[in-house]
> 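My questions will all concern the structure given below.
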Protein chains: 2
Amino acid sequence: MEKQIDPRILRTRKLIMDAFIQLSMKKDFKDITIKDITTAATVNRATFYSHFIDKYDLLEKVLSESVMREIIQEVSTHEVINQETIEAIFLSIIKFQSSISNQCRRSYEAFTPQIETIFKKELEAFFSEWAKKQWPNQNKSEIEVFAVMLSWALYGAAMHWMQNQTTQPEDYVKQLMPFIINIENDKTI
Amino acid sequence: MEKQIDPRILRTRKLIMDAFIQLSMKKDFKDITIKDITTAATVNRATFYSHFIDKYDLLEKVLSESVMREIIQEVSTHEVINQETIEAIFLSIIKFQSSISNQCRRSYEAFTPQIETIFKKELEAFFSEWAKKQWPNQNKSEIEVFAVMLSWALYGAAMHWMQNQTTQPEDYVKQLMPFIINIENDKTI
DNA sequence: ACAGCTATATTGTTTAAACAACATATTGAT
DNA sequence: ATCAATATGTTGTTTAAACAATATAGCTGT
């Protein structure tokens, strides 16, 4: 198995993505040109198009591959999904959202729907994978429902906190727990 | 003119050199393998050999291209060669020598002759270039003698300080000035 | 001393990326 | 509104780098 991808492909993808992340710290998304990205990545502009359809495709892939990986790695040390895991993920979402809303400014609103979709999809895959390990006997579709609900619930809560920011995130996340633990109990029969 | 080199060549050279610089901070020069370098640089090992003859060739080029450039850039803002320029260069040599003697440890002694040659050659080219601008009417060979003397004098002084380290480098360099200013005066007729 | 391991160095073939050229958009200043 | 400059995609050709195979040299331990 394991296809063994040409390292040039991996390197070029990384160069482009890293350049994009760096640029998006200084510039608004809408003001970043393909030329900007490829120049910073020391890559030909045509090469960009052999990896990504356009800027939006790049953003999508950066979010799902680069940023989400980082979040998931933060909690990948946890053995089982428990209160701590949930808290860690919640705080990671907040942290990421705050950083892009600072960095991207105007374009932030324009992209929240895309970002939301990617985020929930990634969280769902993550929870689904983990649930499978934790409850191997559980019916497949029930696992999926659990993953969907948890990812939406958590993301929704994070967005809610972002808009209100009444309490400290650490306190806020503790309020969520009773509801989330119920979902978990449903699954453990 | 200006050949316009394929950017892949430049990029690969930079990747290899940067990887080598990073590695030499953690490992002794003699323990760094070509595989180490190429892996860190995300480059095929065979590619290394199309750019450099071997590890020693790489070291030489890193010193003259990468490290010296850094030093020279630090003083490239100076309009004319004066006391400040000399001081800045002297302190840069000290700074660089201290860093490699810490980083390379054992291999440091083995390479000081090569390093010295490269250093003086680069300094000479730098002073020569600058002297040409500063005294355009001056005879070519006299310019060269000036550049040679100044580069040897400065490097020698730096080595002397490195071995004794009696005073602060900032104080030490001030002691050199009377001698160096004399050389300069000789050139201004 | 020699057997097994790893590093070095080289070469022919394949492939990813550079390049140049082109045809559209977009933008922006007059 | 217009014209120049700049950005976006696309394509055919060329080239640098990856790869795999090979031969040799240098350690290291038994």
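Quick note on labels: first sequence line is chain A, next is B, and so on, each numbered from 1.
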> Take atom CG of Asp54(A) and atom P of dA7(D), then tell me their distance rounded to the nearest Å.
17 Å
> Take atom CD1 of Ile34(B) and atom C1' of dT6(C), then tell me their distance rounded to the nearest Å.
14 Å
> Specify the separation, in whole Å, of atom CD1 of Ile53(B) and atom C1' of dT8(C).
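After rounding, the gap between these two atoms is 15 Å.
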> Return a single string for nucleotides 13-29 of chain C, one symbol per nucleotide in 5' to 3' order, where B is base contact, S is sugar-phosphate-only contact and - is none, cutoff 4.0 angstrom on heavy atoms.
--BBBSB----------
> Can you measure Asp57(B) atom CG to dA9(C) atom P for me and round it to whole angstrom units?
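That distance rounds to 11 Å.
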> Rounded to the nearest Å, what distance is computed from the CG atom of residue Leu58(A) to the P atom of nucleotide dG9(D)?
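It works out to 12 Å between those atoms.
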> What is the distance, rounded to the nearest whole Å, between atom CD1 of Ile37(A) and atom P of dG9(D)?
11 Å
> Return the value, rounded to whole Å, for the distance between atom CG of Asp31(A) and atom C1' of dA7(D).
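Rounding to the nearest Å, CG of Asp31(A) and C1' of dA7(D) are 13 Å apart.
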> When you look at Asn44(B) and Thr38(B), which way does the side chain to side chain contact (heavy atoms under 4.5 Å, CB included) test go after all the steps?
CA-CA 6 Å; Asn44(B) 192 277; Thr38(B) 54; over 6 Å; no
> Using 30° and 60° as the class boundaries, would you call the ring planes of Phe126(B) and Trp130(B) parallel, tilted or perpendicular?
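It falls in the perpendicular class, over 60°.
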> How long is the line joining OH of Tyr49(A) and P of dG9(D), in whole Å?
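Computing the Tyr49(A):OH to dG9(D):P distance gives 4 Å.
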> Just to verify, which of Leu63(B), Leu58(B), Asp57(B) counts as forming a side-chain contact (heavy atoms from CB on, under 4.5 Å) with Lys61(B)?
Asp57(B)
> Parallel, tilted or perpendicular for Tyr172(B) and Phe90(B), by the 30°/60° rule?
parallel
> To the nearest 0.5 Å, what is the distance between CG on Leu59(A) and CG on Asp54(A)?
10.0 Å
> Taking atom types as modelled and ignoring hydrogens, do the side chains of Asn139(B) and Ser141(B) form a donor-acceptor contact shorter than 3.5 angstrom?
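A donor-acceptor contact under 3.5 Å links the two side chains.
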